Number of protein chains: 2
Amino acid sequence: MKNLTKRQTEIFNYIKDEIENNGYPPTRSEISKTFGFKSPNAAEDHLKALKKKGVLDLAAGTSRGITLSNQSSGIPVIGLVSAGGPILAEENIEKTIPNNPGILSHGIDFYLKVKGDSMVDVGIFENDLIAINKNIPVKTGSIVVARINDEVTVKTLAKISDSQVILRPENSSYSNIEVNPKKDNLIFEGTCVGLLRDFA
Amino acid sequence: MKNLTKRQTEIFNYIKDEIENNGYPPTRSEISKTFGFKSPNAAEDHLKALKKKGVLDLAAGTSRGITLSNQSSGIPVIGLVSAGGPILAEENIEKTIPNNPGILSHGIDFYLKVKGDSMVDVGIFENDLIAINKNIPVKTGSIVVARINDEVTVKTLAKISDSQVILRPENSSYSNIEVNPKKDNLIFEGTCVGLLRDFA
DNA sequence: TTCATAACTGTAATTATATACAGTATTTAT
DNA sequence: ATAAATACTGTATATAATTACAGTTATGAA
């Protein structure tokens, strides 16, 4: 139940922004004013639709009683990626953790739980969560999440051209990975924009 | 203007918790009900006092229009610690970053910006922000923030007894620091519970 | 074609909420 | 010693806000 219409997405994003910026959710009137509705009931209808689709909850009789549902307020943590489908597919999501705007310079689309020790020399350890942005264009020198023939890996992008991509592990006991994007199926899932480690 | 009374602190923490748990601030009535006030005006008075002391803001005529002020909603980032005074003193606070409940297993009292490379072997690099909890009792094996004769350092606590404390750097080119707490002024400022790195 | 969904206008009523004013008692600074 | 701040009770009211009901128009699916 998550296929929001264009309009519903606009409304939803507005509510999200208001909570983020003001610290509390908007009223029906405020929503209506923002979108030019002449009746608060237009906002009411939208809220009901958004509730029905499961992206938010409404506390009855409560002013500003709008809360974003877990699924929509948190950032997914990707554990092991199953071969095939998209990285953000339901079955890859280990849990979600609250969004924290302002903590990092870039937006975070998901966290990836690090496996292995191939990046220890730049301080990325096993079980660290690396914050990934899907939309920053990858560039040499960046730490990227790449998918090579359905296998997902985190490496430094050392070289990129039409015929050759070099992915460098940051651990002297590993060797560079060289890929020919014309032969192999290479997809960049995103750029690493941050790191989170929990000393439990 | 930050010396809250005991009661004011209770009220303030309740409001903070409500925002965190519900997603929106409480009303005067809800505050009153929680604390057993028989008049919503008791809550109103408290809110005015808290506003006057600068820890929150009130939007006039707005239901649930309570917002925590920057100073009280963020977690301070400590850069260089000036000798002498307390680590959380105003002059040490470089900036504050939004609170992120639920991201780490432990509470965070402040972030410390890491200087030097003495902890690289456990993946703590220069300019990383380490999340510090002041109240967890320090124990061997933990990474701690220690102050030795007014100098602040981050190390692994290797040994602790009445007569000897050993602080171990996690970098083979550094040597252990041995302190006699009876002779030297040794204070543990907190335990490292997490790490945050921003790939700007 | 007909029904459901989407995206609204318009009106109205109940209730939720902020907030002022008038007090009282206690504690804390000056 | 005295004023100011703290921590409330009690009452009252304007207005902020939710939310139901009755419509209209457009669109896409069955």
Side-chain angles (χ1 to χ4, degrees), chain A residues 1-69 72, chain B residues 1-69 72:
Chain A
M1 304 290 151
K2 225 198 149 178
N3 299 311
L4 301 190
T5 66
K6 194 182 166 188
R7 197 56 160 165
Q8 286 168 358
T9 305
E10 283 174 33
I11 310 271
F12 179 77
N13 286 334
Y14 164 71
I15 293 169
K16 209 169 174 176
D17 287 350
E18 282 295 296
I19 292 173
E20 204 166 287
N21 298 328
N22 283 341
Y24 44 84
T27 65
R28 274 72 168 165
S29 294
E30 287 166 0
I31 297 171
S32 298
K33 203 180 163 191
T34 300
F35 288 92
F37 303 156
K38 300 200 174 140
S39 164
N41 190 55
E44 176 73 17
D45 282 354
H46 273 296
L47 289 176
K48 279 178 183 158
L50 290 169
K51 180 180 182 170
K52 202 174 169 189
K53 293 195 175 178
V55 296
L56 51 76
D57 280 310
L58 302 173
T62 306
S63 70
R64 302 177 189 274
I66 304 171
T67 47
L68 305 184
S69 65
S72 52
Chain B
M1 303 292 150
K2 228 201 147 176
N3 299 312
L4 302 190
T5 66
K6 194 182 164 188
R7 196 57 161 166
Q8 286 168 356
T9 304
E10 283 173 33
I11 309 271
F12 179 77
N13 286 334
Y14 164 70
I15 293 169
K16 208 169 174 176
D17 286 351
E18 282 294 296
I19 292 173
E20 203 167 287
N21 298 327
N22 282 342
Y24 45 83
T27 64
R28 275 70 168 166
S29 294
E30 287 166 0
I31 297 171
S32 297
K33 202 179 163 192
T34 300
F35 288 91
F37 302 157
K38 300 202 175 140
S39 165
N41 190 56
E44 176 73 17
D45 282 355
H46 274 295
L47 288 175
K48 279 177 183 159
L50 290 168
K51 181 181 182 169
K52 202 173 170 189
K53 294 194 175 178
V55 295
L56 51 78
D57 281 311
L58 300 173
T62 306
S63 69
R64 302 178 188 274
I66 305 172
T67 48
L68 306 183
S69 66
S72 51

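Everything numeric here is computed off the predicted structure, so don't read it as measured data. Values below: every heavy atom of this structure, side chains too, minus hydrogens, waters and symmetry copies.
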Considering just the side-chain nitrogens and oxygens of A/H46, establish if one lies under 4.0 Å of OP1 or OP2 belonging to C/dC8. yes

Does A/T5 place a side-chain N or O at less than 4.0 Å from the phosphate oxygens OP1/OP2 of C/dT5? no

For the residue pair B/L4 and B/K53, what are the closest heavy atoms and their distance? CD2-CD, 3.6 Å

Heavy-atom closest pair, residues A/G54 and A/S69: O-OG, 2.8 Å

Do nucleotides 18-30 of chain D as a string where each nucleotide becomes B, S or -: B if the base has a protein heavy atom under 4.0 Å, S if just the sugar-phosphate does, - if no protein is that close. SBSBB--------

Rounded distance (nearest 0.5 Å) linking atom [atom1] of [X] with atom [atom2] of [Y]:
X: B/N13; Y: B/E10; atom1: CG; atom2: CD; result: 8.5 Å
X: B/I15; Y: B/H46; atom1: CD1; atom2: NE2; result: 9.5 Å
X: A/T5; Y: A/I11; atom1: OG1; atom2: CD1; result: 8.5 Å

Measure [atom1]/[X] against [atom2]/[N] and give the value in whole Å, please.
X: A/L50; N: C/dT5; atom1: CG; atom2: C1'; answer: 14 Å
X: B/N3; N: C/dT27; atom1: CG; atom2: C1'; answer: 16 Å
X: A/F35; N: C/dC8; atom1: CZ; atom2: C1'; answer: 14 Å
X: A/I31; N: D/dA17; atom1: CD1; atom2: P; answer: 12 Å
X: A/E30; N: D/dA16; atom1: CD; atom2: C1'; answer: 10 Å
X: A/K33; N: C/dC8; atom1: NZ; atom2: C1'; answer: 20 Å

Is the closest side-chain heavy-atom distance between [X] and [Y] below 4.5 Å?
X: B/F37; Y: B/E44; answer: no
X: A/I31; Y: A/L47; answer: yes
X: A/Y24; Y: B/T67; answer: yes
X: B/V55; Y: B/L68; answer: no

Please list, in numerical order, the residues of residues 6-24 of chain A that have a heavy atom closer than 4.0 Å to any atom of DNA chain C. A/R7, A/Q8

For A/R64 and B/T62: C-alpha separation, side-chain torsions, deciding distance, then whether side chain to side chain contact (heavy atoms under 4.5 Å, CB included) applies. CA-CA 10 Å; A/R64 302 177 189 274; B/T62 306; 2.8 Å; yes

Closest-nucleotide 5' rank along DNA chain D - winner of B/A49 and B/A42: B/A49

May I ask you to decide if B/S39's main-chain N or O and B/S32's side chain share a donor-acceptor pair within less than 3.5 Å? yes

To the nearest 10°, let me know how far the axis at one end of the helix from C/dT1-D/dA30 to C/dA29-D/dT2 is tilted from the axis at the other, five pairs an end. 40°

